[in-house]
Amino acid sequence: MTMTTGIRHLLSVADLSPAEVEAMLRRAAELKVAPAPQVLSGRTVALVFEKPSLRTRVSFDVAIHQLGGHALYLGRDEVGMGVREPVSDTARILSRYVDAIVVRTFAQATLETLARYSSVPVINALSDAEHPCQALADLLTIQEHKGRINGVNVAYIGDGNNCAVSLGIAAASIGAHFSIASPAGYELPDAAVEETRRRGALTGAQVTLTDSPQQAVAGADVVYTDVWTSMGQEAESELRRQAFRGFRVDADLMALAGDGALFMHPLPAHPGEEIAEGMLEHPQSVVFVQAENRLHVQRAILAELFAAEA
Ligand code: CP
Ligand code: NVA
């Protein structure tokens, strides 16, 4: 995880070494079936959310409660980060009251500023650039259903967005091959491709970029997609609907991957856009386990952050 003056932050999946990604997944699998360690007893974790959320907000709140701590939800209007006062001040004030700050924000730069000025750990609960907690839950789900991650072929169809970036880096960290099919102009950012390839070179994972969903899903063990228009991009939604035509995951595309492939989506989904109606209920869909695994992975993240101090 990123260190500022000895404090560990999780702003990007790349803040975890490949060995740490693997260890975090092991811990999450253990905690899924074990009583939660009371590492947050007497502690408070702030949930600072500038965007809406169901899964992330509720699973963090429940995880914090299960670990013996108190969750303090602060919505956009309460804090007014960068509006009511500078982000640097929010960090310096909040970290005098709470023991960790979980943040959902529009800009990765906000997370970086918070981490720079905070004296407690900062965890990315989704930004424009990354969604690390989601990617770890995705890998845990793949591990559970496929019995391994190393050597698994993950095909991502659609926008090279926050979820795609974190998933690619996390997958390559454990040796899963990552193929991404995106329309021109919506590819994975260069820096993410570079980091994914760098990790892939260490683990044997191949990274393939294409504009053909059919090519990406050939031989895939996992077919993954996410929304065409992420939160904060609403003004582009019509343009995106045009650009992503042909990038919808439906039963025909799943059939190209084969019977053993998993269908995954971080949710919320938009049937009729990135997925056909009924895909969440497709026999190969694991989306609800994937959503549940957010809880187990986030318990592991918090348990690891506070284990040494408990
Ligand atoms: N997948 C996910 O992060 O969902 P929410 O936006 O509901 O938190
Ligand atoms: N890419 C989506 C993910 C939501 C969980 C978004 O950022 O809106």
Side-chain angles (χ1 to χ4, degrees), residues 10-13 28 45-64 71 73-76 102-111 123-142 156-170 180-183 185-189 192 222 224-237 239-241 243-244 247-249 262-271 273-275 279-280 285-299 301-302:
L10 180 59
L11 310 186
S12 159
V13 171
V45 178
L47 306 179
V48 181
F49 277 46
E50 293 187 318
K51 303 178 185 182
S53 168
L54 171 63
R55 282 143 288 268
T56 310
R57 177 186 174 173
V58 176
S59 56
F60 261 114
D61 192 319
V62 171
I64 292 159
Y73 179 80
L74 297 164
R76 185 171 194 175
V102 172
V103 186
R104 170 165 287 202
T105 180
F106 288 94
Q108 188 74 14
T110 300
L111 279 163
I123 300 171
N124 181 353
L126 181 147
S127 68
D128 57 334
E130 283 219 38
H131 200 359
C133 301
Q134 181 68 55
L136 292 168
D138 298 340
L139 291 193
L140 178 63
T141 310
I142 295 170
Y156 180 102
I157 309 302
D159 193 16
N161 65 13
N162 44 12
C163 288
V165 167
S166 296
L167 179 64
I169 297 171
I180 174 163
S182 312
Y186 298 95
E187 296 94 346
L188 209 58
V222 175
Y224 193 115
T225 193
D226 185 21
V227 293
W228 292 343
T229 301
S230 286
M231 291 180 278
Q233 299 171 333
E234 290 77 7
E236 301 170 23
S237 58
L239 194 68
R240 285 172 169 268
R241 261 196 286 277
F244 285 94
F247 286 77
R248 174 172 303 153
V249 175
L262 307 176
F263 168 67
M264 298 182 71
H265 191 306
L267 305 179
H270 297 147
E273 290 198 8
E274 79 280 0
I275 58 165
M279 277 309 296
L280 302 187
S285 165
V286 293
V287 296
F288 297 108
V289 181
Q290 189 184 351
E292 180 190 328
N293 281 338
R294 296 292 306 278
L295 173 65
H296 306 300
V297 152
Q298 289 156 200
R299 281 207 309 206
I301 293 168
L302 292 165

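Order of appearance sets the numbers: ligands from 1, and atoms from 1 within every ligand. What you are looking at is a predicted structure, and each value in this text was computed from that prediction instead of being measured.
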Polar contacts were defined as any N/O atom of the residue lying under 3.5 Å from an N/O atom of the ligand; does this apply to Arg57 and ligand 1? no

So is Lys51 close enough to ligand 1, meaning a heavy atom under 4.0 angstrom away?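 The answer is no: ligand 1 sits nowhere under 4.0 Å from a heavy atom of Lys51.
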
To the nearest 0.5 Å, atom CZ of Arg57 lies from atom CZ of Phe49 at 8.0 Å

Going by the atom numbers of ligand 1, which of them fall below 4.0 Å from some non-hydrogen atom of [X]?
{"X": "His131", "result": "2 (C), 3 (O)"}
{"X": "Arg104", "result": "3 (O), 5 (P), 6 (O), 8 (O)"}
{"X": "Leu267", "result": "1 (N), 2 (C), 4 (O)"}
{"X": "Leu54", "result": "5 (P), 7 (O), 8 (O)"}
{"X": "Arg294", "result": "1 (N), 2 (C), 3 (O)"}

Legend entry - The single option from Asn124, Asp226, Leu167, Asp128 passing side-chain contact (heavy atoms from CB on, under 4.5 Å) against Asn162: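 When side-chain contact (heavy atoms from CB on, under 4.5 Å) is applied between Asn162 and each of Asn124, Asp226, Leu167, Asp128, only Asp226 qualifies.
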
For ligand 2, what are the residues with a heavy-atom contact below 4.0 Å?
->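 For ligand 2, the residues that come within the 4.0 Å heavy-atom cutoff are Leu126, Asn161, Asn162, Cys163, Asp226, Val227, Ser230, Met231, Leu267.
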
Given side chains that start at C-beta, do those of Tyr224 and Gln290 come closer than 4.5 Å, heavy atoms only?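 With C-beta onward as the side chain, the pair touches.
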
So for Leu126 against ligand 1, with non-hydrogen atoms under 4.0 Å, the contacting part is neither

